[in-house]
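Before any comments, here is the structure.
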2 protein chains.
Amino acid sequence: MAKKDKRTEILDAALVLFAENGFHGSPTSQLAQRAGVGVGTIYRYFSDKDELIRELYRDLKQKIGARIDESTPDLSMQERYVRMMTKFINYFVQHRNEFRFMEQYYFSPYSAEFDCSAPEENARIQQLLLAAREQGVVQDVSISVLQSLAFGPVIALVKENIYRDLDLDDEMIRQTVEATWTALEN
Amino acid sequence: MAKKDKRTEILDAALVLFAENGFHGSPTSQLAQRAGVGVGTIYRYFSDKDELIRELYRDLKQKIGARIDESTPDLSMQERYVRMMTKFINYFVQHRNEFRFMEQYYFSPYSAEFDCSAPEENARIQQLLLAAREQGVVQDVSISVLQSLAFGPVIALVKENIYRDLDLDDEMIRQTVEATWTALEN
DNA sequence: ACCTCCGGAGTGAACGCTCACTCCGGAGGT
DNA sequence: ACCTCCGGAGTGAGCGTTCACTCCGGAGGT
């Protein structure tokens with residue numbers, strides 16, 4: 001366990017506690033304890049608790065976006081879609097805390113007040129869907145409908161896995177992703 | 001505005017405030033004020049705030065279940081599915097507060113601790129999906145996958161409408177529901 | 001090589017405030 | 001007079017935030 005700087009230490013502790021107990025269930029005193037710092041130290045790095053939460057969101061958004069990205073433009077639309085969505089699921093199944101946190105943030109006053117943009121991880125797939133619609137590969141319907149058809153089932157499945165202990169194997173993931181493509185297709 | 005009993009008055013106020021400001025953002029003093037009762041009165045009807053929240057959940061779950069239910073067993077599986085899902089969407093688009101509250105409840109410590117059962121409104125459609133799988137009308141995959149494919153996009157769409165002000169018309173709803181059926185089909 | 005000084009990161013007891021919850025005096029019916 | 005129901009000031013626990021202080025590493029004088 002290499003010695004990390006305190007800022008990182010605090011953000012790491014915050015992710016775990018927020019995911020487990022929510023923003024309101026995680027007092028600064030607990031954050032400090034878990035991060036192995038004094039309470040006051042938190043306020044040296046973040047102007048207040050809200051700022052810490054927003055900062056954590058921004059960091060994760062970027063990190064996740066980079067991990068989902070797929071740089072294989074030679075493959076077919078379907079192939080690229082399937083790969084990215086599968087990556088998406090696997091990432092969050094292996095990083096439950098990040099999913100819990102992002103969900104919590106996304107549907108809270110924070111995101112409404114500030115950067116309303118959709119999570120970074122969606123951006124790539126949204127681009128793909130737009131291009132696919134242009135080419136007539138997927139249905140000519142509103143992007144919101146396409147996004148719902150693509151992400152809805154995938155997020156639902158991840159949620160069942162994370163919040164309801166659903167046993168999730170590769171076969172189920174494959175079936176779900178394939179089926180969402182069928183739903184999108186023209 | 002007919003005079004309702006205080007219990008109902010409190011629950012009605014709670015629904016609105018919880019939906020708008022969340023559980024933590026709705027102090028009992030505000031609940032009381034909005035319900036037109038004293039703070040103490042709340043505790044005559046509910047042992048504590050948590051109990052109130054759980055009670056509200058139970059009431060809504062039942063109410064919504066009854067409204068979504070479809071008693072037309074003569075129609076085809078697909079037809080019944082489409083009708084129920086469309087009802088589902090329309091209900092929540094017209095009862096945003098109920099959706100906001102249910103979402104909040106479902107993914108909070110409350111539901112994890114107590115009745116873990118899925119929301120009532122799912123039960124009917126789950127039955128339908130099971131029957132349809134039995135008949136070979138839909139894919140022979142795990143019920144969790146079927147549920148994700150069915151509800152995922154529908155909930156995603158409603159969320160976009162409620163939290164992100166997505167303009168939602170009948171055509172978009174139809175397209176989405178139709179596409180989810182395609183995803184389910186064998 | 002030693003000592004002195006200093007800047008600023010780090011700390012946590014203390015503060016002010018908000019909250020869920022209590023409790024008792026009074027209103028209103030019988 | 002009695003009983004039931006209600007209200008809202010009061011209470012203490014717990015929260016986010018502050019600030020006077022500690023501590024340590026390195027710069028600079030000798």
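Being a predicted model, the structure only gives us computed values, none of them experimental. Residue numbers begin at 1 in each chain, while the letters A, B, ... track the order of the sequences.
The separation between B:Ile42 atom CD1 and D:dG8 atom P is 12 Å, rounded to whole Å. Computed from coordinates, the A:Leu31 CG to D:dG16 C1' distance equals 11 Å when rounded to whole Å. Remark: C1' of C:dA20 and CD of B:Gln30 are 14 Å apart, rounded to the nearest angstrom. A:Tyr43 places its OH atom 4 Å from the P atom of D:dT17, with the value rounded to the nearest Å. Between the CG atom of B:Asn21 and the C1' atom of C:dC19 there is a distance of 15 Å, given to the nearest Å. Summarising the geometry, the separation between NE2 on B:His24 and C1' on C:dA20 is reported as 12 Å, rounded to the nearest angstrom. B:Glu9 places its CD atom 16 Å from the C1' atom of D:dG7, with the value rounded to the nearest Å. Atom P of nucleotide D:dC6 and atom CD of B:Gln33 are separated by 19 Å, given to the nearest angstrom.
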### Task
List the steps and the verdict of side chain to side chain donor-acceptor pair (under 3.5 Å) for A:Glu185 and A:Gln139.
CA-CA 6 Å; A:Glu185 262 179 336; A:Gln139 293 185 68; over 6 Å; no
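In the set D:dG7, D:dG16, C:dA20, the nucleotide with an atom closest to the side chain of B:Thr28 is C:dA20. Considering only side-chain atoms of B:Val39, the nucleotide from C:dC21, C:dT11, D:dC5 that sits closest is C:dC21. Taking every side-chain heavy atom of B:Arg44 into account, D:dC5 is the closest of D:dG16, D:dC5, C:dA20. Proximity note for B:Thr41 (side chain, C-beta onward) versus D:dG7, C:dA20, C:dT11: the nearest is D:dG7. Closest approach to the A:Val37 side chain among C:dT11, C:dC21, D:dG16 is made by C:dT11 (side chain taken as heavy atoms from C-beta onward).
The pairing partner recorded for C:dA20 is D:dT11, the criterion being a Watson-Crick or G-U wobble arrangement whose two distances lie under 3.5 angstrom. The partner of C:dG25 is D:dC6, judged by Watson-Crick or G-U wobble contacts that both fall below 3.5 Å. A 3.5 Å limit on both hydrogen-bonding distances identifies C:dT30 as the Watson-Crick or G-U partner of D:dA1.
Defined by atom type and a distance below 3.5 Å, a donor-acceptor pair is missing between the side-chain atoms of B:Glu55 and B:Tyr45.
Using cut-offs of 30° and 60° for the angle between ring planes, the A:Phe101 and A:Tyr57 rings count as tilted. Relative orientation of the B:Phe88 and B:Phe92 rings is perpendicular, given thresholds of 30° and 60° on the angle between their planes.
Within 4.0 Å of A:Tyr45, counting heavy atoms only, lie sugar-phosphate atoms of the nucleic acid but no base atom. Heavy atoms of B:Phe46 sit nowhere under 4.0 angstrom from any nucleic acid atom.
Nucleotides of DNA chain D nearest to A:Lys49 and B:Gly40 differ in position, and the one nearer the 5' end is that of B:Gly40.
Annotation: side chain of A:Tyr43 is in contact with side chain of A:Thr28 (closest heavy-atom distance under 4.5 Å).
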